[in-house]
Amino acid sequence: MFEFRKTSQRQRQTVSLRAWVAGLFALVCLLLLVGRLWYLQVVRYDNLSARADQNRITIVPIPPRRGQITDRHGRVLATNQRDYTLLVTRAQVQGKVEDMLDRLRELVYISEADQRKFLRLYQQSGRYAPVLLRNNLNDIEASWFAVHAFEFPGVSLQARWVRAYPERESAAHVLGFVGRISEADEQHLEDTGQEGNYRGTLVMGKKGIEKTWEKALHGRTGVEELEVTATGRPVRELSRTDPIPGSNLELSLDEGLQQLAEAQFAGRRGALVAIAPHTGEVLAFVSSPSFDPNLFVDGIDVENWRKLNDSPDHPLINRPLYGTYPIGSTYKPFVALAALEMGLRGPQDMIPDPGYFELAGQKFRNAGGAVYGPTNLHKALMVSSDTYFFSLGAIMDVDALHDFSKQFGFGQITGIDLDGERRGVLPSREWKRQAYKKPSQQHWFRGETVSVTVGQGYNAFTLLQLAQATAVLANDGVYMKPHLVRRIIDPLTGRFTYPVVGPQYTIPLKPANLKVVQDAMVDVIRKGTARRAFEGAAYQAAGKTGTAQVYSLRGAKYKAHAVDERLRDHALFMAYAPVDDPQIAVALIVENGGWGASVAAPIARTVFDYWLAPARVAERRQRLQSEHESRRVANPVPSPGAGIPPVVNPALREGPDAAPAPEDEGVPEPAPLPDVETPPEDGAQEESQ
């Protein structure tokens with residue numbers, strides 16, 4: 001009996017202990033749960049709430065519509081077209097991408113070229129970067145894929161704005177093109193703090209106006225907040241910030257004039273630049289041959305790239321901006337003006353011209369062996385006497401000529417709103433010391449100045465520089481910065497601003513000296529080397545013909561038919577018109593064209609006839625008056641030194657990008673156009689008629 005009670009008491013103690021332990025354990029677990037709940041609900045609330053919203057809410061960027069580019073009359077040069085595309089994101093693709101493509105072909109046509117380009121880009125892209133598979137889907141293809149989209153995870157159908165260039169090859173070197181944003185571009189955007197504004201954007205400007213005015217053209221990206229399910233399916237829109245479209249750019253180009261000038265270069269290699277002297281507006285900008293910028297919008301295929309890059313005519317080279325040439329006798333008006341300003345020779349001083357000039361036993365001859373007899377400055381420019389300018393080179397200091405010519409823009413970056421401009425070579429003693437390593441080669445000789453004064457020797461200028469110098473000469477020494485963007489237009493308000501207003505500086509020239517040179521250039525047109533090209537013109541022009549050697553003759557007589565076509569002389573011409581009120585200045589070169597008078601001058605005549613037609617002159621005056629009136633009403637307070645002030649929109653103050661974006665990775669630069677230089681011991685080949 002006693003033993004039974006003792007055992008029962010022990011069992012109760014054991015059960016009680018177990019109950020206490022179990023209760024204590026439950027209490028500890030409850031405290032842990034409460035603590036964990038407090039930690040999650042209080043301590044981690046902000047962080048976990050944000051993560052929950054991230055799972056529930058997705059931010060979708062809305063790319064802005066790129067700004068249009070038009071000519072001065074509103075003719076569309078670059079625009080946007082609505083397009084359906086198929087994009088593939090590697091991180092979301094299930095299985096092999098090749099198997100996915102095989103199944104997708106049953107729904108949507110995918111060419112072999114599209115597949116090759118896609119696979120190449122697919123291997124280069126990041127896991128979360130969308131890669132273009134196919135563009136230009138029609139409505140039937142787009143709707144058919146939309147029905148079966150659930151079968152292709154990682155493949156999305158998107159509507160987008162795609163860049164289009166309706167004029168194709170025309171003005172291609174001005175417009176440039178857009179291309180896929182590369183890794184180098186992404187790094188540049190990140191370094192400059194612009195990556196947020198390019199979310200959802202696939203392309204950006206790569207060349208030309210598209211590149212230099214990228215910031216203005218791109219606009220501002222919008223955002224859309226969407227509530228989504230766990231699988232990512234949108235449920236409803238929570239908020240939306242609309243994108244701001246890019247600014248529209250009105251170029252100073254006249255597309256009618258541009259196409260007319262381009263037609264004159266059909267089958268030829270060369271360049272032409274036309275500038276309005278009083279404003280610096282570029283009216284025509286020709287680089288021949290050209291290319292179709294539409295080929296680059298979604299990435300150029302290998303076949304077309306090879307055709308362009310391997311062509312001996314170098315269609316990808318922007319000749320007016322990048323090609324450097326000796327400009328021959330078109331340099332003579334500036335040398336003559338320099339001699340007058342320096343007091344080296346008077347306008348009536350007569351110099352004997354026996355057909356050659358001799359210096360240190362070496363003879364520098366006139367082109368074609370022409371003999372002009374006693375020659376003053378006026379006659380020397382009119383008939384293009386090399387001997388007269390050879391004799392100037394013997395008494396002229398090359399550094400003084402360098403400093404004088406520099407004011408007109410020779411050998412300088414003009415600052416035009418295009419990328420890739422070259423400086424060229426305006427020779428001087430300091431330049432030669434920097435250009436050559438051997439001390440024996442660094443010394444400057446008088447014979448080198450002799451060749452420089454006729455536009456040969458070390459001279460190597462761009463056509464843009466020659467056109468700009470011609471415009472400054474026509475404008476009596478007033479330097480207006482050359483530019484292509486005439487107006488920047490806000491697409492939402494229609495307000496606009498002018499990026500260039502007023503001259504940069506004025507060259508201090510004596511009016512009498514300027515008149516001597518300009519009168520001589522008038523007689524070049526009336527009765528000199530260009531008289532035949534301008535016979536019967538309804539206006540009076542002033543100009544200068546030129547012919548530049550491609551290789552050294554070494555004293556031999558030049559015979560065009562006896563040399564290879566690509567070794568023949570370049571034909572050049574520079575001119576402005578009308579003389580009493582210059583409205584247009586032109587410089588052009590026809591590579592390996594021969595005589596400037598017979599080949600280049602007629603092209604300028606065609607350009608002048610178009611631009612100076614009475615109906616077009618009246619139309620321009622009427623439009624200019626209308627613009628002035630609208631600007632006066634919008635902003636009646638005059639701007640100092642700028643004439644009638646522009647309407648200024650603070651949101652449109654973005655000019656050309658200071659730091660151009662890197663080149664598209666994987667696309668090599670085109671083969672460079674070789675510089676053409678002539679040894680200094682040879683004189684220029686110049687027309688005698």
Side-chain angles (χ1 to χ4, degrees), residues 171 173-174 251-254 257-258 260-262 264-265 270-288 318-334 405-418 420-424 426 455 459-484 500 503-504 507 518 521 530 541-546 548 570-577 582-591 596 600-601 603-608 610-611:
H173 291 90
V174 171
L251 302 188
S252 57
L253 290 183
D254 184 301
L257 179 66
Q258 176 77 16
L260 176 73
E262 289 170 342
Q264 306 305 306
F265 285 87
L272 178 147
V273 178
I275 298 177
H278 298 321
T279 62
E281 295 176 356
V282 177
L283 308 175
F285 192 97
V286 177
S287 182
S288 179
N318 190 328
R319 281 171 160 80
L321 201 69
Y322 190 81
T324 56
Y325 310 86
I327 61 172
S329 293
T330 57
Y331 193 39
K332 289 177 180 176
F334 306 97
S405 300
K406 179 180 179 180
Q407 301 174 95
F408 287 86
F410 288 114
Q412 310 302 308
I413 298 297
T414 67
I416 191 172
D417 42 350
L418 288 177
E421 182 179 4
R422 296 187 72 181
R423 185 177 296 275
L426 179 61
N459 287 324
F461 306 133
T462 67
L463 251 293
L464 175 62
Q465 290 172 356
L466 179 57
Q468 174 65 5
T470 305
V472 174
L473 185 63
N475 206 25
D476 296 338
V478 178
Y479 190 102
M480 298 295 297
K481 181 181 178 181
H483 57 282
L484 282 155
V500 177
Q504 287 192 291
I507 304 174
Q518 291 175 340
M521 292 174 64
K544 185 70 190 78
T545 55
H570 296 320
L572 295 108
F573 187 68
M574 55 84 84
Y576 61 89
Q583 300 298 311
I584 183 171
V586 167
L588 67 106
I589 184 172
V590 180
E591 293 179 12
I603 297 177
R605 166 69 186 273
T606 302
V607 169
F608 285 172
Y610 179 94
W611 189 252

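All values derive from a computational prediction rather than experimental measurement.
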Do you know the tightest heavy-atom contact between G411 and Q465?
N-OE1, 3.2 Å
In terms of heavy-atom contacts, F608 and A541 come closest through CE1-CB, 4.1 Å
Show, in sequence, the C-alpha distance, side-chain angles and deciding distance for F285 and L272, and conclude whether the side-chain contact (heavy atoms from CB on, under 4.5 Å) test is met.
CA-CA 6 Å; F285 192 97; L272 178 147; over 6 Å; no
To the closest 0.5 Å, what do you measure between OG1 (T330) and CG (L572)?
5.0 Å
So, taking the atom named CG in L473 and the one named CE in M521, what distance separates them when rounded to the nearest 0.5 Å?
5.0 Å
Roughly how far, to the nearest 0.5 Å, is OG1 of T279 from NE2 of H483?
5.5 Å
Is the distance from the ring center of F410 to that of Y331 below 6.0 Å?
yes
Heavy atoms of P320 and N318 approach each other most closely as CD-OD1, 3.2 Å
Write down the atom of P582, the atom of H278, and the distance for their closest heavy-atom approach.
O-NE2, 3.2 Å
For Y576 and A474, the nearest pair of non-hydrogen atoms, with its separation, is CG-CB, 3.4 Å
L321 versus H173: any side-chain heavy-atom pair under 4.5 Å?
no
CD-OG1 distance between Q412 and T462, expressed to the nearest 0.5 angstrom
10.5 Å
Would you tell me whether E421 and T414 have side-chain atoms, one donor and one acceptor, within less than 3.5 Å of each other?
yes
If you measure from CD1 on I584 to OH on Y610, what distance do you get to the nearest 0.5 Å?
10.5 Å
Quick check: closest heavy atoms across G424 and T324, and the distance to 0.1 Å?
CA-CG2, 3.9 Å
Mind running side-chain contact (heavy atoms from CB on, under 4.5 Å) on W611 and Q583 for me, showing each step along the way?
CA-CA 9 Å; W611 189 252; Q583 300 298 311; 4.2 Å; yes
Less than 4.5 Å apart, side chain to side chain, heavy atoms only: is that true for K544 and S329?
yes
Criterion side-chain contact (heavy atoms from CB on, under 4.5 Å) on T470 and F408, from CA distance to verdict:
CA-CA 8 Å; T470 305; F408 287 86; over 6 Å; no
Gap separating the OG1 atom of T545 from the NZ atom of K332, nearest 0.5 angstrom:
8.0 Å
Do Y479 and V472 come close enough that some side-chain heavy atom pair is under 4.5 Å?
yes
Under 3.5 Å, is there a donor-acceptor pair between the side chain of N475 and the main chain of P277?
yes
Passing candidate, side-chain contact (heavy atoms from CB on, under 4.5 Å) with L484, options V174, L283, V500:
V174
Y325 versus E591, side-chain donor and acceptor atoms under 3.5 Å
yes
Quick one: do M480 and I275 satisfy side-chain contact (heavy atoms from CB on, under 4.5 Å)? Show the steps, please.
CA-CA 10 Å; M480 298 295 297; I275 298 177; over 6 Å; no
